[in-house]
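Read through the structure below, which is laid out as structure tokens, and then see the notes.
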Amino acid sequence: MSALRTLSRLPQATVEFANVILTTPDAAIGQTPREVVWTHRKTTLYRYRSSAREHAVPVLLVFALINRPEIFDLRRGSSFVEFLLGEGFDVFLVDWGVPGEEDSEMGLAEFVCDELDWAVRETLRAAHEDELTLLGWCIGGTLCAMYCALHPAGAVRNAVLLTTPIDPSESLYARWVGGEEFDVDLIADSYPAVPGAGIDFANKLMKPVTNYVTTYRRLFQGILEGKDARVAYQAMAKWVADSPSFPARAYREWITWMYKENRLIDGRLRLRGDRVDLARIEQNLLVVTAGADHIAPRVGTMPLLDLVASEDVTHVDRPGGHIGLMAGSRAKHEIWPELADWMRERSGH
Amino acid sequence: MAEDENAHPSPAEQVSRLYEEAEAQAAKASEELVGGAGFTALLGRVAENVAALTKLSGDTMDIVVRNLRIAGKRDVVGLARQLARTEDKLERVLQEVEELRDELTRAKPEADSDGRNARARPARRAAATRSKDSS
């Protein structure tokens, strides 16, 4: 593009860029039709009906306590839920909701032993099945791993863990919050619901230039070159900006047990008196790691593979970031089919 | 032609490339910066200050609202917490009811089949009696 032509497009591109940024909150995400199966407190279990259900074992999707689970169903044509439905799976999703100050007493035990356990129960009841596939992403994956360890002979037949922190001692996050410099008790005492915006800020601060400069520069450049970047950018930007609060007790436990004391990998983590021993995981296990994941680096997930008692363990490592691996433009053609193939082989009667 | 363009990029392309290189170097430098011990200490202290300020301002606002005899955030949160506890209990009761109903559903076919067997037995007995009579 000649310099003169670029210059002539500059005013129009600037207006378009501003419009994309300003109308991001209006972007439509999570559009696949769904129905409410069960609710408790802020938690909701949704079911996405498949018109071509082929596999008996339903899939229960579990996302992190930070950010919303709409990342599983970002936008039409780029939705993991839509993809799974097309592959014939019966899909359920746990939405933790938006915790408020009244939920400050919700700890990891409440999420794993109550909310997740009951969501599993309701999924089985709704699907009229005895077993399911549990698919967890990020902290959701860690919660699923804890659940599987506590219920090795339970209803989970297959467990899929995506970019899941298990031993986060080598991560940047551990450097930030794992030492004495970070007083987690002060934060948890000050905020009954730790603001999601603060956690989002910390996540973005891990790659400050990439998140605060490169993203916008690329968007502007795309618009300047006449590319239609609006839909893809807005869906992701809206999802990133929507950060619910983290209940104080769960936040305190997550930071202390995972980053300060690293209890999970050592088998020292207890939920309601029961030891969460990852060596008790017997389910068919698929662990997915991303090569450029700076939030849950691959090195922090790998130890799980040597710990579990499962006879059927698969590890998939692909290039990509913590979220980009599953929600990037290539995910639909690369990682999603791999996940579907793995689940398909293990989802018959 | 294309080779010529690659060999002699336009000034705009050169500027663009230079900017991207500078941005990549800045990104790398910033990531090294945030990974340092000094930044970790700073981040911890800033987080503490923000949390303390938020708590102070929140507590002050709450005192003002309470002195005005208006239900404050603390009251609303207290009520919501009470509701949540009631919902917890309701959920557990519902689960008990559902389990009992499932047990009842499972027990019913067994009872039905037992009943059918009980009714079938006299019929078989009657048939046996008839055969004895005929002999």
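First the proteins, then the strands, lettered A, B, ... as listed; each starts at 1.
With salt bridges taken as basic N to acidic carboxylate O contacts below 4.0 Å, one links A/Lys42 and A/Glu102. Contact check on B/Glu13 versus B/Arg17 returns no salt bridge, with no Lys/Arg side-chain nitrogen under 4.0 Å from an Asp/Glu carboxylate oxygen. Salt bridge annotation for B/Lys55-A/Asp189: absent, with no cationic side-chain nitrogen under 4.0 angstrom from a carboxylate oxygen. A salt bridge links A/Glu110 with A/Arg272: at least one charged nitrogen is closer than 4.0 Å to a carboxylate oxygen.
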| request: List the steps and the verdict of side-chain contact (heavy atoms from CB on, under 4.5 Å) for A/Tyr233 and A/Arg218. | output: CA-CA 10 Å; A/Tyr233 170 82; A/Arg218 279 192 187 148; over 6 Å; no
| request: For the pair A/Tyr191 and A/Phe246, evaluate side-chain contact (heavy atoms from CB on, under 4.5 Å) and give the outcome as yes or no after the intermediate values. | output: CA-CA 9 Å; A/Tyr191 297 105; A/Phe246 209 125; over 6 Å; no
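Proximity to chain B (any heavy atom under 4.5 Å) is restricted, for A/Leu172, to the side chain, taken from C-beta onward. With a threshold of 4.5 angstrom between heavy atoms, A/Glu122 approaches chain B through side-chain atoms but not through N, CA, C or O. Looking at B/Val76, neither its backbone nor its side chain comes within 4.5 Å of chain A, counting heavy atoms on both sides. A/Asp114 touches chain B through its side chain: at least one heavy atom from C-beta onward sits under 4.5 Å away, while N, CA, C and O do not.
Each of A/Gly100, A/Ser104, A/Pro195 has some count of heavy-atom pairs under 4.5 Å with chain B, and the biggest count is that of A/Ser104. Contact count against chain B (heavy-atom pairs under 4.5 Å) is highest for A/Arg121 among A/Met206, A/Arg121, A/Lys207, A/Arg175.
Checking A/Glu115 against A/Thr43 by side-chain atom types alone, a donor-acceptor pair falls below 3.5 Å.
Heavy-atom proximity under 4.5 angstrom to chain A picks out B/Glu87, B/Asp88, B/Glu91, B/Arg92, B/Gln95, B/Glu98, B/Glu99, B/Arg101, B/Asp102 from residues 86-106 of chain B. Contacts of residues 22-38 of chain B with chain A at a heavy-atom distance below 4.5 Å involve B/Glu23, B/Ala26, B/Ala27, B/Ser30, B/Glu31, B/Val34, B/Gly35, listed in sequence order.
Taking the six-membered ring for Trp and thresholds of 30 and 60 degrees, A/His40 and A/Trp38 have nearly parallel ring planes, at less than 30 degrees apart. Taking the six-membered ring where the residue is Trp, A/Tyr251 and A/Phe182 present perpendicular rings, their angle passing 60° and hence far from 30°.
Taking both residues in full, the closest heavy atoms of A/Phe92 and A/Pro58 are given as CE1-CB, 3.8 Å, listed atom of the first, atom of the second, then distance.
Here the CD1 atom belonging to A/Ile295 is positioned 8.5 Å from the OG1 atom belonging to A/Thr163, to the nearest 0.5 angstrom.
With A/Glu101 as the partner, the side-chain hydrogen bond (donor to acceptor under 3.5 Å, both in side chains) test is satisfied by one option alone out of B/Arg81, B/Lys73, B/Arg74: B/Lys73.
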